[in-house]
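Counting convention: from 1, in listed order, for ligands and their atoms alike. Predicted model, so just to flag it, every value in this text is computed and none were measured. Atom set for the values below is all heavy atoms of this structure, side chains included, hydrogens, waters and symmetry mates excluded. The first residue of the sequence shown is numbered 1, and numbering continues consecutively from there.
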Amino acid sequence: MLRAGEQVLSYAHGQVDTPTGVLGRVAYGGEVIDGCADLHVPMAVLPSGGAITTAWLSAGPFTEGTYQCCRYRSNTHLLFGAVRLAESTYARAGDVSPLEQASRAGYERIFSVLADLGFPELVRCWNYIPQINQTHAGMERYRAFNIGRQEAFIASGRSCDENLPAASALGAADGDLLLYFLAARTRAVSIENPRQLSAFRYPGQYGPRSPSFARASLLSLPGCEALFVSGTASIVGHESVHLGDVVAQTNETMVNIDTLVAEANRMSPTRQFSTAGLEFKVFIRHPADYPAVADTMARHLGCVPNAFYVQADVCRRELLVEIEAVGIRGAT
Ligand code: 3EB
């Protein structure tokens with residue numbers, strides 16, 4: 001188990017009972033128990049249920065509070081925050097859906113919190129969108145989310161194609177729109193995947209507004225460097241590949257992650273990240289695919305992955321798996 005304070009940021013998943021040095025905790029699955037974690041995500045843990053807690057560990061002293069409905073905890077270097085929005089509090093306004101409004105409002109709040117608390121750099125975002133693949137009033141919900149998110153970037157004076165955060169976007173069966181994030185005082189390096197078209201340049205067939213995220217981000221902190229690999233799927237160029245084949249989709253996804261790791265090492269030659277050394281969170285559309293996904297990852301890596309698995313919908317209907325990862329390398 002990692003001890004807080006050894007380096008500016010560490011990450012752990014599993015049994016995280018650390019009482020001190022917790023910047024933020026997120027529990028996946030299980031029951032909603034007040035105080036069990038800072039945040040609860042309603043996604044079933046595979047293969048057998050229960051809950052997994054993830055923790056971002058850092059040294060105090062911390063400042064914490066609620067600011068414009070955004071809960072946050074921060075120290076000298078980093079801020080962890082979360083916004084939960086009920087779509088029912090927004091009314092459809094012409095073409096503008098409640099989800100688009102909630103997504104825009106959520107990101108605008110995040111940006112104002114970052115500006116006011118002095119953490120201008122959004123490094124990593126997690127976006128959980130209920131019923132992500134459902135269509136309402138002719139628009140798929142993931143696409144409505146993308147419009148609202150990009151509107152917030154524009155309204156906050158942020159670029160939509162530079163310095164974007166790493167991100168994941170997944171669908172939960174139900175609940176509120178949930179956004180959580182890590183922000184820093186210093187800028188991260190955004191990394192793109194040469195095998196894929198940047199998501200912020202996706203053509204119009206994937207929705208009227210492109211998704212605002214980078215394929216990975218690399219943050220230098222005192223004593224360590226953190227690589228945040230965005231949710232990664234079986235996409236080459238801008239197209240989904242290996243339709244209906246979960247093993248091939250998993251392999252293609254791992255090749256995409258290998259490519260991002262190589263890009264990160266090109267930008268940070270001293271740190272030498274390796275795919276096998278990353279910690280993975282794996283989102284699987286159909287629970288029955290769990291053994292095939294876990295086995296394919298192990299074969300690809302040549303070892304048992306440091307990973308946990310949850311059931312979630314992926315933002316394109318044909319994608320069966322999305323894999324994200326984090327790697328933190330201390331000074332060597
Ligand atoms: C993709 O590559 C798959 O909209 O924030 C992955 C990670 C995906 C983040 C997002 C979407 C997002 O397009 C989907």
Inventory of protein N or O atoms under 3.5 Å from ligand 1 N or O:
{"residue": "ligand 1", "atom": "2 (O)", "partner": "Y202", "partner atom": "OH", "Å": "3.3"}
{"residue": "ligand 1", "atom": "2 (O)", "partner": "R215", "partner atom": "NH1", "Å": "2.8"}
{"residue": "ligand 1", "atom": "4 (O)", "partner": "Y142", "partner atom": "OH", "Å": "2.5"}
{"residue": "ligand 1", "atom": "4 (O)", "partner": "R149", "partner atom": "NH2", "Å": "2.7"}
{"residue": "ligand 1", "atom": "5 (O)", "partner": "R149", "partner atom": "NH1", "Å": "2.7"}
{"residue": "ligand 1", "atom": "5 (O)", "partner": "R149", "partner atom": "NH2", "Å": "3.4"}
{"residue": "ligand 1", "atom": "13 (O)", "partner": "Y202", "partner atom": "OH", "Å": "2.7"}

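- Remark: R329 fails to qualify as a cation-pi partner of Y11 under the 6.0 Å distance and 45° angle criteria applied to the six-membered ring.
- Among pairs with a residue in residues 144-173, those fulfilling salt bridge (charged side-chain N to carboxylate O under 4.0 Å, His left out) read R104-E151, E151-R209, at least two apart in sequence or across chains.
- For the residue pair S190 and N163, no side-chain donor N or O sits within less than 3.5 Å of a side-chain acceptor on the partner.
- Cation-pi geometry between R316 and Y206 is satisfied (NZ or CZ under 6.0 Å from the ring centre, within 45° of the ring normal).
- For the pair A312 and M43, the tightest heavy-atom approach, listed with the atom from each and the gap, is CB-SD, 3.8 Å.
- Residues Q311 and R285 have side chains that never bring a donor and an acceptor to within less than 3.5 angstrom of each other.
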